[in-house]
Structure formats: C-alpha cells, structure tokens
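Following: one structure in structure tokens, then a few remarks.
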Amino acid sequence: MLNEPVDPDVDLRAPVRRKGLPPRQGPVVAAVALGGGVGAAARYGAALLWPTEPGGFPWTTLVVNVVGCAIIGIFMVVITDVWAAHRLVRPFFGTGVLGGFTTFSTYAVDVQRLLARGRTGAGLAYLALTLAAALTAVWITATLTRRIVEWRQQ
C-alpha cells in the first residue's frame, strides 16, 4: 500500500501535493518581484513630482497608467516580433516593472473616493477616461511600433 493520505470522509486516496514552486519558477518569481519594486518606486516618484490634491482629480494616476500601457504596447511588439528576449525579460519588465508602475488598484480606489465625495461626474469620467486612454495607448503604440519595424525591415 502507498503512503498517500486518505480522505476520511470518502476513504479515497488523495494525491500528495508537492510543496513549493514548480521547477525553474524561482528565478521568474524573483524577476517579477525585483521589477515590481523598480516599477513601484518609479510610480512613487511620479506621485512625489506631481502630487494630487486631496479630493482633486487624480491626474498623476491617470498619466502613469496611460504611459505604462503605452510602454507595454511597444515592449510586447519588440519582444515578440523583433527580439528573442531572455526568458526573464518579460516577467521582469512586463509583469514586474510595468505592473508595479501602473496602478489599477489605485485607479479603483480613486474612482471610489470621487464617488464617495459626491463627485459622481468626475468619478465616472475618470473611470471611462482611464479605460479608454489606456486601451488606446496600447493599441496606438503597438500599431506604430509594428509599422516602424516593418519599415526598417524593407
């Protein structure tokens, strides 16, 4: 008989679960964590350089999110169409740096705060503007980057 744990409710053998990360995932987790720290520090720097007044429209968060999305549009084209990047580049820069730099959790909190302060119009405008601007930024930068790559390859 195997040394597998038995579920006492149904007397069926439950598979043994391995603890820890799957093989080769430690470096990926470290790359994401390191990149996230870099991105979060950059976002914090942006907030120090361009603080938002309490109760004011959160322009800094909006700009940070749109700029981060624009950069991801460029980055994804470069690492998928142009450059065979090391396996840790995407987790470090795409997930880590840009994930730490963009701040959609703060975006959600900013919307909630605007609504809670009775600034419904501003809250809804911010909600829609951030979404539209972020998606547009990714699309435009990815499209332009692809065109530049195609032009340079001719």
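All heavy atoms count here, side chains included; hydrogens, waters and symmetry mates do not.
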Can you list every pair that meets salt bridge (charged side-chain N to carboxylate O under 4.0 Å, His left out) and has a residue in [range], with sequence neighbours left out?
{"range": "residues 112-129", "answer": "none"}
{"range": "residues 56-84", "answer": "D81-R146"}
{"range": "residues 47-67", "answer": "none"}

Once rounded to the nearest 0.5 Å, what's the spacing between atom [atom1] of [X] and atom [atom2] of [Y]?
{"X": "F93", "Y": "I72", "atom1": "CZ", "atom2": "CD1", "answer": "7.5 Å"}
{"X": "L135", "Y": "I140", "atom1": "CG", "atom2": "CD1", "answer": "11.0 Å"}
{"X": "T130", "Y": "Y107", "atom1": "OG1", "atom2": "OH", "answer": "5.0 Å"}
{"X": "L129", "Y": "N65", "atom1": "CG", "atom2": "CG", "answer": "11.0 Å"}
{"X": "F104", "Y": "C69", "atom1": "CZ", "atom2": "SG", "answer": "4.0 Å"}

[X]: what forms a side-chain contact (heavy atoms from CB on, under 4.5 Å) with it, not counting sequence neighbours?
{"X": "T80", "value": "M76"}
{"X": "T120", "value": "L115, L124"}
{"X": "V66", "value": "L62, A133, A137"}
{"X": "P27", "value": "R87, L88"}

List, by chain and number, the other hydrophobic cluster members for L49, where Ile, Leu, Val, Met, Phe, Trp and Tyr join if side-chain heavy atoms come within less than 4.5 Å, directly or indirectly.
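Once heavy-atom contacts under 4.5 Å are chained together, L49 still belongs with nothing else.
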Who else is in V77's hydrophobic cluster (ILVMFWY, side-chain heavy atoms under 4.5 Å, direct or via others)?
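ILVMFWY cluster around V77 holds nothing else.
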List the atom of F101, the atom of R43, and the distance in Å for their closest heavy-atom pair.
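Taking F101 first and R43 second, the nearest heavy atoms are O-CD, 3.3 Å.
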Which atom of A46 lies closest to which atom of V64, heavy atoms considered
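Nearest pair, atom of A46 first, then V64: CB-CG2, 3.8 Å.
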Give a yes or no on this: more than 12 heavy atoms of other residues, nucleotides or ligands lie within 6.0 Å of atom CH2 of W139.
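Atom CH2 in W139 is not crowded, with 12 or fewer foreign heavy atoms closer than 6.0 Å.
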Count I, L, V, M, F, W, Y as connected when their side-chain heavy atoms are under 4.5 Å apart, and connections chain through other members. Are [X] and [Y] then in the same cluster?
{"X": "W59", "Y": "L131", "value": "yes"}
{"X": "W83", "Y": "V97", "value": "yes"}
{"X": "L127", "Y": "V63", "value": "yes"}

With sequence neighbours excluded, tell me which residues meet side chain to side chain donor-acceptor pair (under 3.5 Å) with T145.
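Applying side chain to side chain donor-acceptor pair (under 3.5 Å) to T145 gives none.
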With Y126 via side chain to side chain donor-acceptor pair (under 3.5 Å) - residues at least two apart
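In terms of side chain to side chain donor-acceptor pair (under 3.5 Å), with neighbours along the sequence ignored, Y126 is linked to D110.
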Measure the shortest side-chain to side-chain distance between P58 and V111 over non-hydrogen atoms and say whether it is less than 4.5 angstrom.
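Not in contact.
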Could you check L98 against F92 for side chain to side chain contact (heavy atoms under 4.5 Å, CB included), going step by step and ending with a plain yes or no?
CA-CA 9 Å; L98 293 175; F92 171 77; over 6 Å; no
Mind jotting down which residue pairs meet the side-chain hydrogen bond (donor to acceptor under 3.5 Å, both in side chains) criterion with at least one end in residues 94-106? Sequence neighbours excluded, please.
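Every side-chain hydrogen bond (donor to acceptor under 3.5 Å, both in side chains) pair that includes a residue of residues 94-106, provided the two are not neighbours, is T103-T106.
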